[in-house]
Amino acid sequence: MTTHFTSVAELAERMARTASRLKKRAEIAEAISAVRADVDPISIEKPIEMGHPGDVGLFCLYLAGLPFAEADARKLSAGGALLTKALLAVSGASDAELTAAYRRHGDIGAAGFDLYTAHAVAGDGTLALSDVAEAFAGMATAKTTAIRAALVEGLLRRATPLEAKYLLKLMLGDMRIGVKQSLVEEAIAVAAGVAVAAVRHAVMLEADLGAAAERAFAGTLGDARMRLFHPLGFMLASPVDTPEEAIARFTKEISTEDTEVSQGDTGVQAFLEDKYDGMRAQIHCGARDQHGRVAIYSRNREDITESYPELVEAFSAVEEELIFDGEILGWDFAAGLALPFAVLGQRIGRKRVGDEWRQKIPVIFMAFDLMFAGGELILPLPLRERRNRLEAVVETLVDRTRAPLLEPRQPKAQGSMFDTEEYVGERLPRLMISPSRLVQSAEEIERAYADARARANEGVMLKAAGSAYQPGRRGLAWVKLKRELATLDVVITGAEYGHGKRAGLLSDYTFAVRNAAGELENVGKAYSGVTDAEISELTEFLKAHTLQDQGHFRTVEPLVILEVAFNNVMRSDRHASGFALRFPRIVRIRTDKPLAEIDTVERVEEIYQSQVDKPVES
Ligand code: AMP
């Protein structure tokens with residue numbers, strides 16, 4: 001039997017209305033079991049192949065809002081513009097109707113539902129999951145936008161209003177039904193009667209939720225093998241305010257409560273490194289079957305490879321499969337120091353990096369961890385062992401991973417007077433290793449912190465020597481100490497027009513942090529710290545991502561993350577969080593940080609409690 005897309009759409013609609021996580025999980029598990037029960041027994045025998053999941057795999061992927069598995073390099077390339085055009089063509093609605101519907105919901109999918117209903121457009125509900133997969137495959141390889149648009153229209157013409165709603169959301173990659181991939185993983189485990197850790201492990205190795213679902217039922221989760229070229233989660237650090245607090249954290253919590261710290265650790269055993277202010281990145285290289293391929297991923301799991309051609313040239317010489325964790329830094333080769341973030345920032349996000357940028361802002365990769373080596377993920381090894389492996393690997397690679405300042409060019413003609421080396425100039429080292437040493441006392445940390453600041457780095461990081469690498473977690477095994485003024489990472493939720501020379505520009509930003517339920521709660525408003533150029537860019541961006549236009553003020557999609565500094569935190573009923581910031585100013589726009597990682601109301605409360613005077617806004 002075929003599974004129809006209706007089953008995804010109906011379940012998604014129910015999920016959007018269900019608050020309880022447990023209920024959601026049970027319903028998803030039941031739905032997955034029903035899909036499985038319908039699958040033709042012959043197709044169950046098929047080997048599991050990436051890019052060709054069966055109905056169970058497709059069902060799970062689509063419910064999680066993924067048109068393709070994460071490891072699948074294919075992209076739909078269907079943005080809002082293409083989708084709204086197709087929606088207008090199929091529904092027969094006018095631009096004005098679409099705009100009104102979009103304003104109501106702030107979501108193309110939900111707007112689509114209204115337009116289908118208003119114009120009595122309805123497919124017959126026969127759209128199979130495999131039809132959707134086939135259209136998606138066609139979109140990924142379509143040579144022109146017209147071909148892609150025709151495929152979208154073809155799907156939409158067959159869709160019921162509810163299917164159209166979720167097809168549109170799926171194509172945009174955001175279902176907004178409160179079902180994260182981790183919940184689908186749990187439901188797969190329940191449905192197939194396997195351990196959720198086994199499902200998660202397979203997903204981490206293969207980055208293919210659909211394949212993991214198929215494997216869970218086939219009993220082959222254990223056959224999943226790590227593939228390079230999909231980002232693994234990054235381990236993050238918790239903030240501490242003083243060296244004493246860092247020491248206390250390691251002594252109390254890590255050595256007694258963290259089961260991943262190996263037995264035999266006594267007292268404080270922590271590695272100390274500088275905290276660099278660059279761009280966190282993961283480098284995959286050395287694949288045996290894809291010679292010379294290098295991929296660089298950001299903390300947002302974005303593929304940022306093309307922005308750093310020097311690193312690609314350098315790491316393409318690696319002949320052993322490796323995944324490094326580290327920081328991309330703008331580098332002053334003469335001084336042997338990192339350039340300030342503001343300098344590197346000018347290069348971040350650039351797609352075409354030619355000689356001008358290579359010369360103006362040279363980059364290096366400062367490695368601080370090794371995640372994959374010798375054919376296996378070494379995340380469970382204690383840091384001190386990973387560090388030994390990292391040191392050994394870097395030693396063999398420093399010379400091989402050099403790349404010239406300028407773009408290498410082939411000699412112009414045979415017998416040219418330049419050979420390639422001379423032509424491109426000196427080859428600079430591009431792989432460095434973050435100096436690290438064991439520390440035991442607050443005084444040592446204090447001194448190291450001062451030294452790090454003297455090198456113009458942000459502060460120091462402390463990492464429990466016995467700790468495993470926990471991907472995607474902000475645990476206690478890593479802490480960061482950057483005293484200065486506290487800053488918060490927040491997201492813009494609203495914007496207001498400025499005055500005077502900023503009239504006509506959205507220059508005042510209302511921003512939010514996350515509460516314990518994961519919802520956004522406003523905590524302040526800032527209008528200083530950004531440059532005029534940034535304000536113009538933000539104005540354009542926020543206009544394009546407005547949810548509600550109230551004239552002077554607009555609520556906007558939570559897409560822009562800011563780091564804000566402030567003098568202190570006050571209790572206040574001006575904002576939903578119950579707090580307000582005094583003299584907030586924007587330190588920078590954090591394009592490197594995903595929404596999921598902004599600060600929390602709890603953190604705001606912590607800062608509030610740490611203040612001696614605990615002010616209340618009158
Ligand atoms: P934050 O962005 O303030 O949450 O701090 C976490 C970030 O510190 C990571 O994402 C890294 O980009 C950065 N970082 C800088 N130096 C290090 C280091 N030596 N070890 C780990 N993370 C570091």
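Counting starts at 1 for both ligands and their atoms, following the listed order. The shown structure was predicted, so the numbers you read here are calculated from the model rather than taken from an experiment.
Every residue two or more places apart in sequence or in another chain that forms a salt bridge (charged side-chain N to carboxylate O under 4.0 Å, His left out) with E391 is listed here: R387.
In this structure, a donor-acceptor pair under 3.5 Å is present between the side chains of N522 and T493.
In H201, the NE2 atom is not crowded: 12 or fewer heavy atoms of neighbouring residues, nucleotides or ligands sit closer than 6.0 Å. The number of heavy-atom neighbours closer than 6.0 Å to CD of E540, taken from other residues, nucleotides and ligands shown, is 12 or below. With a 6.0 Å radius and a threshold of 12 heavy atoms from other residues, nucleotides or ligands, K480 has its NZ atom above the threshold.
Between F365 and F324, the angle of the ring planes goes over 60°, which puts this pair in the perpendicular group of the 30/60° scheme.
Listed by chain and number, E273, D274, K275, Y276, R280, R299, E327, F368, M461, K463, R474, W478, K480, K482, R590, K593 each place a non-hydrogen atom less than 4.0 angstrom from ligand 1.
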